[in-house]
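Heads up, the thing below is written out as structure tokens.
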Amino acid sequence: MNDRDLIEAALFVAGRPLTLLELESIASIDADVEDLVESLVAEYREKGPLEIVQTDEDVVMQVKGEYADAVRTIAQRDLETPVLRTLAVIAFHQPVTQSKVAEIRGNKAYGHVHELEARKLVESEPYGRTRLLRTTKAFADYFGFETDSLEEIKQRIGLLLR
Amino acid sequence: MNDRDLIEAALFVAGRPLTLLELESIASIDADVEDLVESLVAEYREKGPLEIVQTDEDVVMQVKGEYADAVRTIAQRDLETPVLRTLAVIAFHQPVTQSKVAEIRGNKAYGHVHELEARKLVESEPYGRTRLLRTTKAFADYFGFETDSLEEIKQRIGLLLR
Amino acid sequence: MTSGESPDTAANGAAPEDFDERSIDILVSLAKNGEIDPWDIDIVDVTDKFLARVAELEKLDLRVSSRTLLFASILLRMKSDILEESEPEDVDEEEPVEDDLQACFPALSPKVRRHAKRRVSLSELIQELKKATKRKERSDVRRFVQLQAQEFDALAVAHSEDIERQVKRVKRELKRRFAVRDQVLFSELIVDNTVEAIVQTYIPLLFMATRRQIQLEQKELFGDLSIKCKNL
């Protein structure tokens, strides 16, 4: 049982991005986790329909873009449609207050924001009596934006809207 | 985009066993799905911490046995901790009234019971103005009790509690 | 009216309704009339009904005891805890604004990841049971200690010398019993089953519990109190 295999197994079962810290916690004490991740990223890039992607502190195993649509129906739905819609509203109007989002989406939006924050797709900061919401780097990664600039993301969504 | 890669991607994202029929539905019309699965099984057996296992009609991608324990905690549980805790209380005190469970676990327990009933791990019947809760056969299966006798389940939990 | 210790109380004008009798009466009558279900208490509902009944009594110019007010304040506290805990109500079930934006968003096609969840193991179930039990015990103890502190305040107005005499008497009784076993039931200490005798035994017990000389435990609502020796 070597560290490289352990990291690969962990990324497989997690189904979500893992931090380097999480990966270190399962590898042996003297493992160079960053090196091992790099070598896995390279191996997966080489062949097969899966990829391992590292962004800042996070590492995730997922289906390569060109295969995504073909197997999307097989995948368990990740975000429920109502949550996804709330996310859409946040992404398009950001930075946007939680109360504004609730006004557009109804009171269920509070639960959705909670879930989106837990998934690290949205982050918030206090803003008067409500909170100001914006999308995260993880959001940009997840939806395949090359940038995490809020302005550019809003613009691209605007284009899609036409 | 070849059929072998499609099948591999499908097995990865499914997170559950897929039937050959399901795999055929995503592969191209002239693909010999069984052959492709066999070749994937062989390739995965060869190296790495993952395996593809075929049983009768089902094919599943999973972590090899020797790695399973090491990465277990990384995988998400299919019951949230608060819900699991409420289930534990029900299993130990059953048959128990919903109001007693709420007394121990707080008012959130009503929502938990709702979820546990939807998951068929708990069943209830009217009991005065409240409901009487007990675990189901599915509960016994889930946690690997050989019996679904409430008394024996309670006894075993009692022993494990020590 | 009992002889012996009772004249003290009578002299203080401590009628039974000055203590918990009236509060309990209110709750019992609410239960009897089917206004509340003792086995499935909706604390918000009970609090409202309890307070309404207290207001009624006041209107009839009956004395409302400090205990009754204490009960009311505890109920109110529980009610506010519950209201604070509950989710904001969904006023609009329907999603109000449906526009192109919301409809088109899935077109952005998120990455496809694996979302398998694993089953929980039996040992994890047991761990959670342990945590649930511990939490319940902790909150029970906390509530009891708080209650004792409040009792103490509420009863501070009582004539302390009389109370101390009663404490001594009950302590004597308890010591005699604890000499041969480690648990005594409240009912055993009640020689004659009058409200006065019950109150004159109950109040000293609360004092002793507050002083950590004994430990009180009531397994079920309106059930017998079990008394354990801590530091008599």
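Below, read A as the first sequence line, B as the second, and so on, with proteins coming before strands; counting in each chain starts at 1. Note that the coordinates shown come from a computational prediction; the quantities given were computed from them, not determined experimentally.
In this structure, the separation between CE on B:Met61 and CZ on C:Arg114 is 8.5 Å, given to the nearest 0.5 Å. Here the CG-CG distance, from B:Leu160 to C:Leu125, works out to 9.5 Å after rounding to the nearest 0.5 Å. Taking CZ of B:Phe92 as the start and CD1 of C:Ile126 as the end, the distance is 8.5 Å to the nearest 0.5 Å.
Other residues, nucleotides and ligands contribute only 12 or fewer heavy atoms inside 6.0 Å of the CD atom of B:Glu80. For CD of B:Glu46, the number of neighbouring non-hydrogen atoms (other residues, nucleotides, ligands) closer than 6.0 Å is 12 at most. Within a 6.0 Å radius of NZ in B:Lys120, no more than 12 heavy atoms belonging to other residues, nucleotides or ligands are found.
For residues 180-190 of chain C, a heavy-atom distance under 4.5 Å to chain B picks out no residue at all.
Residue pairs meeting the ring pair (Phe, Tyr, Trp, His ring centres under 6.0 Å) criterion with at least one partner in residues 115-162 of chain B, sequence neighbours excluded, are B:Phe139-B:Phe143, B:Phe139-B:Phe145.
The contact between C:Glu124 and chain B is made by backbone and side chain atoms together, counting heavy-atom distances below 4.5 Å. If you measure heavy-atom distances from C:Ser123 to chain B, you find no contacts under 4.5 Å at all. Proximity to chain C (any heavy atom under 4.5 Å) is restricted, for B:Arg156, to the side chain, taken from C-beta onward. Heavy atoms of B:Arg105 lying under 4.5 Å from chain C belong exclusively to its side chain.
Across every non-hydrogen atom of C:Glu128 and B:Leu84, the tightest pair is CG-CD2, 3.6 Å.
With respect to chain C, the highest number of heavy-atom pairs below 4.5 Å among B:Arg85, B:Gln76, B:Arg16 belongs to B:Arg85.
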